[in-house]
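Take a look at the structure below.
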Amino acid sequence: QALKGSEEKYRGANEERIAAHEELAASEEELRQQFLALQKQEEEISRQNAALRISEANYRTIFETSNDSIFIHDPDTGEILDVNENALATFGWSREDLLAKSLDSFMAGEAPFSAKEAREAIMRAAGGEPQLFEWQNKDSAGIERWQEVRLKRAKLENEDCIIAIVRDISERKKQEIELQKSRDHNQSLINAIPDPMFIIRTDGLVVDYIPSKEHPQMQPAQFVGRS
């Protein structure tokens with residue numbers, strides 16, 4: 001009887017030890033799986049950080065070697081956070097001076113080229129609507145320059161910002177203005193001619209007709225396209 005009771009007691013203790021061992025093994029396996037998951041997560045974070053460093057290095061290379069002026073703006077205030085070398089050369093300020101300036105400092109000053117309109121464009125870009133427009137800025141000497149401006153929301157160093165890519169189009173605008181003046185002058189000369197005017201190709205085909213004031217009823221459709 002006593003022996004039987006001892007055996008049952010030993011068997012019960014042994015089963016408890018086995019259960020405890022199995023529970024310990026399960027806990028160890030769970031910890032091992034958690035460790036492997038954590039290790040995998042750390043490897044992924046390390047990979048992402050390496051990719052981010054490469055991306056930021058590439059961005060900085062493009063940023064500093066671009067032929068366009070690049071401004072980085074705060075999406076909420078429009079404050080200038082960074083500029084590239086081309087911006088410094090184009091506008092004639094040092095980096096410290098330019099970063100310390102408000103938008104008003106180098107705007108043409110009057111609508112539609114004032115700081116107010118500039119901030120509104122930045123706010124639209126901050127809302128996810130890329131912007132493309134022509135603009136007038138002024139450099140450190142007060143000379144007004146025509147610019148083509150592209151605004152786009154982006155994330156740099158895990159912070160939201162507005163990237164402004166600014167291309168100087170002053171020469172192009174100068175040519176456009178001169179061309180328009182020439183067209184206006186030629187049109188004035190044409191309007192001053194009292195007689196009707198035909199523009200005829202070398203093969204005799206009429207390609208345009210400008211009626212005279214004395215005969216306004218005669219319209220281009222009566223002559224254009226005929227020989």
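Nothing fancy with the numbering, it's 1 onward along the sequence.
Counted by atom type alone, Ser66 and Asn86 present zero donor-acceptor pairs between their side chains at under 3.5 Å.
Across all non-hydrogen atoms, the minimal contact from Ser140 to Gly92 is OG-O, 3.2 Å. Taking each heavy atom of Pro75 and Ala126 in turn, the nearest pair found is O-CB, 3.7 Å.
Residues satisfying the side chain to side chain contact (heavy atoms under 4.5 Å, CB included) criterion with Asp76, sequence neighbours excluded, are Asp74.
Lys174 has no carboxylate O lying under 4.0 Å from a charged side-chain N of Glu178, or vice versa, which leaves the two without a salt bridge.
Rounded to the nearest 0.5 Å, atoms CD1 (Ile72) and CG (Asp82) are 6.0 Å apart. One distance of note links CZ of Phe71 with CG of Asn137; it measures 7.0 Å at 0.5 Å rounding. For the atom pair CD (Glu148) and NZ (Lys173), the distance works out to 10.5 Å, reported to the nearest 0.5 Å. Going from atom CD1 of Ile162 over to atom CD of Gln131 covers 9.0 Å, rounded to the nearest 0.5 Å. Taken from NZ in Lys101 to CD1 in Ile80, the straight-line distance is 9.5 Å, to the nearest 0.5 Å. Put simply, CG on Leu179 and CG on Asp184 are 9.5 Å apart, with the number rounded to the nearest 0.5 Å.
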| said: Quick one, Arg172 with Glu134, criterion salt bridge (charged side-chain N to carboxylate O under 4.0 Å, His left out). Give me CA distance, side-chain angles, the key distance, then yes/no. | reply: CA-CA 12 Å; Arg172 189 184 83 190; Glu134 292 183 354; 2.9 Å; yes
| Can Asp68 and Arg150 be said to form a salt bridge (charged side-chain N to carboxylate O under 4.0 Å, His left out), step by step? | CA-CA 11 Å; Asp68 297 323; Arg150 294 176 182 269; over 6 Å; no
| Taking it one step at a time, do Ile143 and Lys138 satisfy side-chain contact (heavy atoms from CB on, under 4.5 Å)? | CA-CA 5 Å; Ile143 299 173; Lys138 59 183 178 181; over 6 Å; no
| said: With side-chain contact (heavy atoms from CB on, under 4.5 Å) as the criterion, how do Ile70 and Ile163 come out once you've worked through the C-alpha distance, each side chain's angles and the decisive distance to 0.1 Å? | reply: CA-CA 7 Å; Ile70 301 179; Ile163 297 180; 4.0 Å; yes
| field | Check against side-chain contact (heavy atoms from CB on, under 4.5 Å), Glu117 and Trp135 | value | CA-CA 10 Å; Glu117 281 79 16; Trp135 194 258; 3.6 Å; yes
| request: Apply ring pair (Phe, Tyr, Trp, His ring centres under 6.0 Å) to Phe113 and Phe133, showing your working. | output: CA-CA 11 Å; Phe113 305 117; Phe133 51 89; 9.1 Å; no
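Between Phe91 and Ser69, the closest side-chain pair of non-hydrogen atoms falls below 4.5 Å. Considering only heavy atoms from C-beta on, Leu151 comes within 4.5 Å of Ile122 through its side chain. In this structure the side chain of Glu159 never reaches within 4.5 angstrom of the side chain of Leu81, judged on heavy atoms.
The only member of Gln147, Arg145, Glu144 that meets side-chain contact (heavy atoms from CB on, under 4.5 Å) when paired with Ser170 is Arg145. Each of Lys152, Arg153, Arg124 was evaluated against Glu129; a single residue qualifies, Arg124, per the side-chain contact (heavy atoms from CB on, under 4.5 Å) test.
The environment of NZ in Lys181 is sparse: at most 12 heavy-atom neighbours from other residues, nucleotides or ligands sit within 6.0 Å. The number of heavy atoms from other shown groups lying within 6.0 Å of CZ (Arg167) does not exceed 12.
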